[in-house]
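The block underneath contains the structure these notes are about, expressed in structure tokens.
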Amino acid sequence: MSDKQAENLYAMRHSLAHIMASAIQHLWPDVKLGVGPVVEDGFYYDVDLGDGEQLSADDFERIEAEMQKIIKAAEPFERLEMPVGEAVAWAKKYSQPYKEELLNDLQRSGTTVAKDLDSAELGLAAEGDSKVEKVSFYRNGDFTDLCRGPHVESTGKVGAFKLMRVAGAYWRGKENNPQMQRVYGVAFATPKELRQYLDMLEEAKKRDHRKLGQELDLYVMSELVGSGLPIFTPRGTVLREELAAFSNELRQRYDFQKVWTPHITKKDLYEKSGHWAKFGDELFLVKSQETSDELVMKPMNCPHHTRIYASQPRSYRDLPIRYLETTTDYRDEKTGELGGLNRVRSLTQDDSHVFCRHDQIETEIDQLLACADELYATVGMKLRVRLSYRDESDAYLGDKNLWESAQKQLKAAVVANELDYFEQEGEAAFYGPKIDFMATDAIGREHQVATVQLDFVQPERFGLEYAAEDGSQGQPVMIHCALLGSIERFLSVYIEHTGGKFPIWTAPEQIRLISVNQEPETLAFVDSVVQQAKKLRLRVMVDNSNESVGKKIRNAEIWKVPYTVVLGEKEIAGGEVTPRVRGDMVVKEPPRSYTVDEFLKTVANEAKSRVSKTSL
RNA sequence: GCCAUCUUAGCUCAGUUGGUAGAGCAGCGCAUUCGUAACGCGCAGGUCAGGAGUUCGAAUCUCCUAGAUGGCUCCA
């Protein structure tokens, strides 16, 4: 899309927000309007119908019909400006208290907007940081709204749209503000693009990891266990363990050592690290019935790893020291935030911590970037990174100058590795800046996955030291890294990315053997193949049920098994098999026969080399 | 945590204005012994999420609780 097209699409979406607000105002004349910005794929408008009246999806048809009327009328968008004071009077006159509040803030702060407001998002009027004197309005037909534009020429030129959903949203995103109703719409320049977008949503629905998780028997939830606490079945556990093993293997190439830490600890550990002050209300508390100890479930692992480091005097020669632990943490997330595997209360991290000297930071980060690169190339997801910096708030610990240099070092590493990156303030951890990896899945959605974090704060708080070359005491730097992130979240992404069609190396079931009949000779032959496969550590399952071959093939397809092999008289006689290959893996046609040994060894090699296509 | 919607058999879903629950698949049994996406017949399976209320009568109406979904807020 050219810049010009993008601008035009933006104006269309923005104009649609106005048209929707206008339509809602026609239908509910007393509506109080909030803000109506453009968002990814569309727009929304926050409205308050008053008296607690609620919109529902059932109202969309009426609203859309009213919007179509406005569109048909092709009302021109007119821009008008007025001094802020006059604008406040306007808001009062039309009893628009939310607009009035925005305008008052605008006037009072003297700059574009109060700090918590993003003028672009709010569609606000002023530009630059200079004192605001005038604000702009846009008018179409009988509807006028505070807005900085731009808009399309007339309501007739807004492309194709669809109202999608309505949801509660706090006024200005503040939890204690009144809750308004946010009506979302998607919009595109042409009906065809809208269609494509809706098709993508359909596809996403088909791939939903919660749906596939059930269909493919990967994990279950139980009300007896609690929300946000997924339980992994044998199949799901294979996925978890294969992925974790790969993540570990990558780092073990760089001499990371596995460690192990308990899941509960005294809260003193987190008071020292600084986590208690920041996340105390999201920790699970554990009470000892024996002593007066107040324990907590660990929400992360870095403070534990500092205990291993600190357990011995360290020399500059010992560094870097690299610990690796794949372990489960527990966080008491708010119930409304839980969903599938994406956000859980028991999350497993493939966590690692490097303790190193300042002059080793660059090499260490390079190695971790290489690990992330290889992992995501293997699973077939494109990466870009977000450099997550601090902002000016007081949410961060440690010396500001150290932060500055840490942020610079992260950026330098990212640039040196020629990674596609963007920078964002306010996304850092409280103890240091991060490189956050964003992976794009098979249907174009981006997810946050791996992370590399630089930390000067915890070494200081824990008083970590090493004996430097000149005999003085140096302080190591910590580099946190998780390649998969949370394994649960990664799985949700991975399941949707693959659509449940897992490559050989992660497939819970790699080969399904189907017996043509239940004669003893057939079953014996099937069993001999199973024994050979097991020797090669292949995950093989047998379907010798009393069903038709067609039915059994169908089942194997439904379970998305990579290789399905029918075994009967022909195979027994010839000792050769003709594997049926799952559609997405095929690179060449037609299939041919292989000796059982040749077939199994090929599959074992594919698993070992983590390929996604078949070499058969 | 907040707002909205939802919860009927293992799964996917029917269930008309309140009159006491139904299908397909899966499961089990019988029959069949089958060649690359569904053979047939039969059987069993539900405190309609849980609780309280309104009513002669509640899957259906009201309230509470739990869980799920979509958002908001948050994410070490």
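Computed from a prediction, not measured in an experiment: that's the story for all the values here. Values below: all heavy atoms of this structure, side chains included; hydrogens, waters and symmetry mates excluded. So you know, we letter chains A, B, ... as the sequences are listed, proteins then strands, and number each from 1.
- When each of T261(A), T328(A), T265(A) is paired with K298(A), the side-chain hydrogen bond (donor to acceptor under 3.5 Å, both in side chains) condition holds for T261(A) and for no other.
- Here R343(A) pairs with E333(A) in a salt bridge; the nearest charged N to carboxylate O distance falls below 4.0 Å.
- Classified by interplanar angle (parallel below 30°, tilted 30° to 60°, perpendicular above 60°), the ring pair Y44(A)/Y184(A) is tilted.
- We find that E509(A) and R235(A) are joined by a salt bridge, their nearest charged nitrogen and carboxylate oxygen being less than 4.0 Å apart.
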### Task
Between protein and nucleotides 24-33 of chain B, map the contacts as a letter string: B base, S sugar-phosphate only, - none, heavy atoms under 4.0 Å, written 5' to 3'.
--S----BBB
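- E598(A) pairs by the side chain to side chain donor-acceptor pair (under 3.5 Å) definition with nothing, not counting sequence neighbours.
- Using P as the reference atom, rA44(B) and rC30(B) are 16 Å apart when rounded to the nearest Å.
- A search for side chain to side chain donor-acceptor pair (under 3.5 Å) contacts involving E496(A) returns H209(A), R445(A), not counting sequence neighbours.
- Electrostatic pairing of R386(A) and E427(A) counts as a salt bridge here, judged by a charged N lying under 4.0 Å from a carboxylate O.
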### Task
Spell out protein contact along nucleotides 42-48 of chain B as letters: B when the base is contacted, S when just the sugar-phosphate is, - when no protein heavy atom is under 4.0 Å; keep the 5' to 3' order.
-------
### Task
For RNA chain B, produce a single dot-bracket line, 5' to 3'. Pairs: Watson-Crick or G-U wobble, both distances under 3.5 Å. Symbols: ( ) within strand, [ ] crossing, | other strand, . unpaired.
(((((((..((((.....[..)))).((((.........)))).....(((((..]....))))))))))))....
### Query
Reading nucleotides 69-76 of chain B from the 5' end, what letters show protein touch, with B for base, S for backbone sugar-phosphate only, - for no heavy atom under 4.0 Å?
SBBBBBBB
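- Across all strands shown, G568(A) has heavy atoms under 4.0 Å from base atoms, whether or not it also approaches the sugar-phosphate.
- Among the protein residues, Q214(A) comes within range of the sugar-phosphate backbone only, with heavy atoms under 4.0 Å from sugar or phosphate atoms but none that close to a base.
- Here, rA49(B) and rG67(B) have their C1' atoms 8 Å apart, quoted to the whole Å.
- With salt bridges taken as basic N to acidic carboxylate O contacts below 4.0 Å, one links D59(A) and R62(A).
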